[in-house]
Amino acid sequence: MNDTSAVKDALRRQQIETPSWAYGNSGTRFKVFAQRGVPRTPQEKIDDAAQVHRFTGVAPSVALHIPWDRVDDYAALAAHAKERGVRIGAVNTNVFQDDDYMLGSVTNPDPAVRRKALDHLLEAVDIMDRTGSRDLKLWFSDGTNYPGQDDIRDRQDRMAEALAAVYERLGAGQRFLLEYKLFEPAFYTTDVPDWGTSYAHCLKLGPKAQVVVDTGHHAPGTNIEFIVAFLLREGKLGGFDFNSRFYADDDLMVGAADPFQLFRIMYEVVRGGGYDAAAGVAFMLDQCHNVEPKIQGQIRSVMNVQEATAKALLVDADALRAAQRSGDVLEANAVFMDAYNTDVRPLLAELREEMGLHPDPVAAYKASGYYERVVEERKDGRAAGWGA
């Protein structure tokens, strides 16, 4: 796509969802460093998310995490989001923090624990009904640490049974996205360790079950863009959890460690039609800002996805295809690299001005005084987070 106006039109339609938990205190297993001005309630998380949308123009939804964002009235929470100019996005479940889940949640050998976990997943669908959410995000820490600890096949049977029950509960226009993760906290086997396992479960269930790709959940060297291309071809790519990693599941700002990988992923999204609204691919951030300012970290992450997407849209598809068909390896790579090496920041700055936004979202946020205001307003009370 070489037409700059067409690239701008595509970028103008982009939507990137931010996660509520990125605005609260977070950290590693060693330490949580508390920051000033972090939200004390789910409503204040939404307020912060609205600032990201205000300055980027492409972040109109915020994902919830239950129970971290549990409230008495979810319809009122959705109304609060609407008043702030955003909406409730995916609902994320939590079956990994209770003591009962030490040996697993839906794959636990104890049927009472499995029932407890399933009840939570079904509760999340109830919340979707009240908030108007389309997507239920499922991630399971379930697995084993030692050979022989539990039966691998039995655990897959239990997983399939739970997923089928959730699938049956989904309403019209709803779906679940099944996440996978190579390891951690389980170190010998993880019950949904890779895209193939997630794909197999989703394929068996039907169209309302889709795979979500977390960019930090793979072994080093994994070709994530191949996975994206494959899932798009099969109509099974439900969405992304964008983040960046150097070693394991670092949950750093997307594009921080390997911006070229992010570009390659977004090229396959564009190439495979996943960027079209009809494809239903959800572009979501899943990050923890442990040492950097929260809202600025989210704004910068949105900008990183925008830049990678702009470069992907600039790939000369006709020239690339001609080089590929003629077997000209170097020319094909050159076409690809020309797009990646393009400085798209001026194009995006121009687009933002056309959208009535400041060309530099981070600078505009800093100048807004929002941070100073919430630091003062939120100086009393316990910060809302993941137990931090």
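All figures in this text were calculated on a predicted structure; none of them were measured in a lab.
Distance CZ/Arg36 to CZ/Arg378: 13.0 Å, rounded to 0.5 Å. Atom-to-atom distance recorded for Arg155:CZ and Asp191:CG is 4.5 Å, nearest 0.5 angstrom. Residue Thr93 holds its OG1 atom at 5.0 Å from CG of Leu121, rounded to the nearest 0.5 Å. We find the CD1-NE2 distance between Ile16 and His53 to be 11.5 Å, quoted to the nearest 0.5 Å. Note: Leu163 CG to Gln156 CD = 9.5 Å, rounded to the nearest 0.5 Å. Note that CE of Met159 is 7.0 Å distant from CG of Leu178, once rounded to the nearest 0.5 Å.
Ring geometry for Trp139 versus His217: interplanar angle of 30 to 60°, hence tilted. Between Phe263 and Phe260, the two ring planes are parallel [angle under 30°; tilted spans 30° to 60°]. The aromatic rings of His65 and Trp68 sit parallel, their planes meeting at an angle under 30°, below the 60° perpendicular limit.
Using a cut-off of 4.0 Å between Lys/Arg side-chain N and Asp/Glu carboxylate O, Lys137 and Asp286 are scored as not salt-bridged. Salt bridge annotation for Lys116-Asp119: absent, with no cationic side-chain nitrogen under 4.0 angstrom from a carboxylate oxygen. In summary, Asp157 and Arg153 do not engage in a salt bridge, as defined by a charged side-chain N under 4.0 Å from a carboxylate O. One finds no salt bridge joining Arg300 and Glu292 here, because no Lys/Arg side-chain nitrogen approaches an Asp/Glu carboxylate oxygen to under 4.0 Å. Electrostatic pairing of Arg169 and Asp129 counts as a salt bridge here, judged by a charged N lying under 4.0 Å from a carboxylate O.
Of the possible polar contacts, none joining the Lys181 side chain to the Ser141 backbone as a donor-acceptor pair under 3.5 Å is found. The closest donor-acceptor contact from the side chain of Asn94 to the backbone of Phe96 lies under 3.5 Å. A side-chain donor-acceptor contact under 3.5 Å links Arg40 to the backbone of Asp380. Side-chain N or O atoms of Ser244 include one that pairs as donor or acceptor with a backbone N or O of Ala257 at under 3.5 Å. Between the side chain of Asn108 and the backbone N or O of Val113 there is no donor-acceptor pair closer than 3.5 Å. Side chain of Asn304 to backbone of Val254: a donor-acceptor contact under 3.5 angstrom is found. At least one donor-acceptor pair closer than 3.5 Å links the side chain of Arg114 to the backbone N or O of Pro109.
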What verdict does the salt bridge (Lys or Arg N to Asp or Glu O under 4.0 Å) test give for Arg373 and Glu376, after you've listed the backbone C-alpha separation in whole Å, the side-chain angles of each residue and the deciding distance to 0.1 Å? CA-CA 5 Å; Arg373 177 167 63 83; Glu376 180 62 25; over 6 Å; no

Can you list the steps and then say if Arg271 with Glu225 is a salt bridge (Lys or Arg N to Asp or Glu O under 4.0 Å)? CA-CA 11 Å; Arg271 164 66 181 86; Glu225 55 268 32; over 6 Å; no

Apply the test side-chain contact (heavy atoms from CB on, under 4.5 Å) to residues His358 and Phe55: give CA-CA distance (whole Å), side-chain angles for both, the deciding distance (0.1 Å), then the verdict. CA-CA 7 Å; His358 192 283; Phe55 293 108; 5.7 Å; no

Would you check, one step at a time, whether the test side-chain contact (heavy atoms from CB on, under 4.5 Å) holds for Gln43 with Val71? CA-CA 9 Å; Gln43 290 82 359; Val71 294; 4.1 Å; yes

Applying side-chain contact (heavy atoms from CB on, under 4.5 Å) to Thr215 and Ile265, what does each step give before you reach the verdict? CA-CA 10 Å; Thr215 49; Ile265 290 171; 3.9 Å; yes

Let's go through Asp318 and Arg321 carefully: what are the C-alpha distance in whole Å and the side-chain angles of both, what is the deciding distance for salt bridge (Lys or Arg N to Asp or Glu O under 4.0 Å) to 0.1 Å, and is it a yes or a no? CA-CA 5 Å; Asp318 293 337; Arg321 183 58 60 90; over 6 Å; no

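Nearest heavy atom pair, residue Ser301 against residue Gln287, reads OG-NE2, 2.7 Å. The two atoms that bring Glu268 and Ala229 nearest to each other are OE1-CB, 3.6 Å, heavy atoms only. The two atoms that bring Leu122 and Val166 nearest to each other are CD2-CA, 4.2 Å, heavy atoms only. Summarising the geometry of Asn290 relative to Ser26, their closest heavy-atom pair is OD1-OG, 2.8 Å, with the distance given to 0.1 Å. Minimum heavy-atom separation, Thr18 to Ala49: OG1-CB, 3.8 Å. The two residues Pro361 and Arg352 make their nearest non-hydrogen contact at CG-NE, 3.5 Å.
Ring centroids of His289 and Tyr23 are separated by 6.0 Å or more, keeping the two rings apart.
The only option from Val305, Val281, Val212 that meets the side chain to side chain contact (heavy atoms under 4.5 Å, CB included) definition with Phe240 turns out to be Val281.
No more than 12 heavy-atom neighbours from other residues, nucleotides or ligands sit within 6.0 angstrom of CZ on Arg345.
For the residue pair His218/Asn223, the side-chain donor-acceptor check at 3.5 Å is not satisfied. For the residue pair Asn243/Asp214, the side-chain donor-acceptor check at 3.5 Å is satisfied. Gln51 and Arg54 form a side-chain donor-acceptor contact under 3.5 Å, judged by distance and modelled atom types alone. No side-chain donor from either of Asp69 and Trp21 sits under 3.5 Å from a side-chain acceptor of the other. Side-chain atoms of Asp194 and Thr197 include a donor-acceptor pair closer than 3.5 Å. Side-chain atoms of Asp142 and Tyr101 include no donor-acceptor pair closer than 3.5 Å.
For Lys366 and Tyr371, the positive end is not near the middle of the six-membered ring at less than 6.0 Å and at most 45° from its axis.
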